[in-house]
Student: 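Structure provided below as structure tokens; questions to follow.
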Amino acid sequence: MSTPPSLSPEEIRAHLDALRAHDLPTHGGRTLAYVYDSGLAEADAIGREVLASFSSTNGLDPTAFPSLLAMENDLVGVAGRLVDAPDGFTGVVTSGGTESILLAVLAARDGRPEVSAPRMVLPTTAHAAFHKAAHWLRVEPVFVDVDPVTKRADPEAMAAAIDERTVLVVVSAPSYAHGVIDPVEPIAAAASAAGVRCHVDACIGGWVLPHLRATEPAQLPWTFEVEGVTSLSLDLHKYAYTPKGVSILLHASAELRRTHLFASARWPGYTMLNTTAQSTKSGGPLAAAWAVVHHIGGDRYVDLARTAREAALALSTVVDGIPGLSLAAQPDSTLLSLTTDDTCDVFTISDEMLDRGWFVQPQMRFRDLPATLHLTFSAATAASSDLIASDLADATAAARAAGPATPPAELVAMASGIDPATLDEATFAGLLAAAGLAGGDGALVLPERMAAVNALLDALPQGLREVLLLGVVDRLARPAS
Ligand SMILES: Cc1ncc(COP(=O)(O)O)c(C=O)c1O
């Protein structure tokens, strides 16, 4: 047996600094996905301090660490009031949007034990966390196409998809990929008429949209004020600008939450009592979220939301004047979704933006929805609004000069011939080599510029895309030798 040698704190810091040199920046507003930056140094500092000081506490047993229970109840209360939760609402703090969604689907499924083959109805724009929930929990997803222009869920089609096996109907406020709020009123009404739960995924919008209401009275209704909404998820580690690892799942009543609570007394150890997927869980993220939420406070959240929203809207008007680029949907929140005409492609623009120091996220085509660029605006991005606009114009001009990335036809043919169900190591290795992604020892080598690889993946059916990308992850996630 060999264990690693002991390193001094200085050595540890130097090593981690070197590792982080390859990471995207978390602050400064140049990373327009994955991270959220309020630009408030003091809020970040108190979050980090409290995260560290509560890191060893354990949310496993609320009676052992009553401080955690008190903070959880407080945050659930704050969140519920933000989204018009009715009297008697309940909620839990989870580790993130995906966990909140998994629990919402579990609660809906187990709330209808008489349905032996449960289904959930969701627009094609619903977050992929619902696909994971469907897969893990064996709930069949019924995908409903969205309006091709607004990219909002289609209420009639959603209603028509509900049947006696439906246990949950899903809507977004807003959707991640296009940043639009679904028409929650008619969809929740249809769900309610059928006696089915309706979940609003406000993971990304839940802490920003309520703060925009005063200035945007025309915002589509999406909270518990809408009749028929039974649960709602909102992430604090997004627009509440807390350290990562905190989301809230709210239910309209204690009864609706009951079916994702878990107890087991069927062993000789402690009775396991869990409200969430995790059992032992650090109190650090919850306590840090409590600290940041109360440090920033309601008025400053309004300012932060308006700042991010104005930056998103400002760029959306600039986009109209950039040849080759257009909005994929009119933004309802702080997210932009951009698409191109056939003079260029989003993957090359993304590479060109990275060269200019910006991370904007390429999103591949799905059914009739074109490939897009996703931009999440944080308050901190607003300070560089002009720069991002001019760099986006330059990046798009460069992408037009290069022409659309088109993968070699032989490569597409080779990849398209692969059956995702039977892909083996040798075939995958051959494809990597043909795509120029294999080093001398056959190990995966990712290129600096991803446009060619992304364009190839974009040209393939989703099932194959998934299997190939899992192959990549599988090769990346290997123990160091
Ligand atoms: C609308 C929406 N739902 C769910 C999620 C998943 O959240 P998480 O990545 O915290 O699991 C996201 C993440 O961006 C999101 O935007």
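Atoms within each ligand, like the ligands themselves, are counted from 1 in listed order. Since the model is a prediction, treat every value here as computed from it, not as a measurement.
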Student: Between His199 and Val170 (side chain of the first, backbone of the second, donor and acceptor by atom type, cut-off under 3.5 Å), is there such a pair?
Tutor: no

Student: Relative to each other, are the rings of Tyr301 and His211 parallel, tilted or perpendicular (30° and 60° limits)?
Tutor: parallel

Student: Distance under 4.0 Å, heavy atoms only, partner ligand 1: which residues pass?
Tutor: Gly96, Gly97, Thr98, Ile101, His127, Pro174, Tyr176, Asp201, Cys203, Ile204, Asp235, His237, Lys238

Student: Whether the His178 and His374 side chains hold a donor-acceptor pair (N or O, under 3.5 Å, no angle test) is what I'd like checked.
Tutor: no

Student: Quick one: does Arg309's side chain have a donor or acceptor within less than 3.5 Å of a partner on Ala305's backbone?
Tutor: no

Student: Name the residue from Ser95, Ser247, Ser233 that meets the side chain to side chain donor-acceptor pair (under 3.5 Å) definition with Ser100.
Tutor: Ser247

Student: Only counting residues at least two apart or in another chain, list the ones meeting salt bridge (charged side-chain N to carboxylate O under 4.0 Å, His left out) with Asp84.
Tutor: Arg213

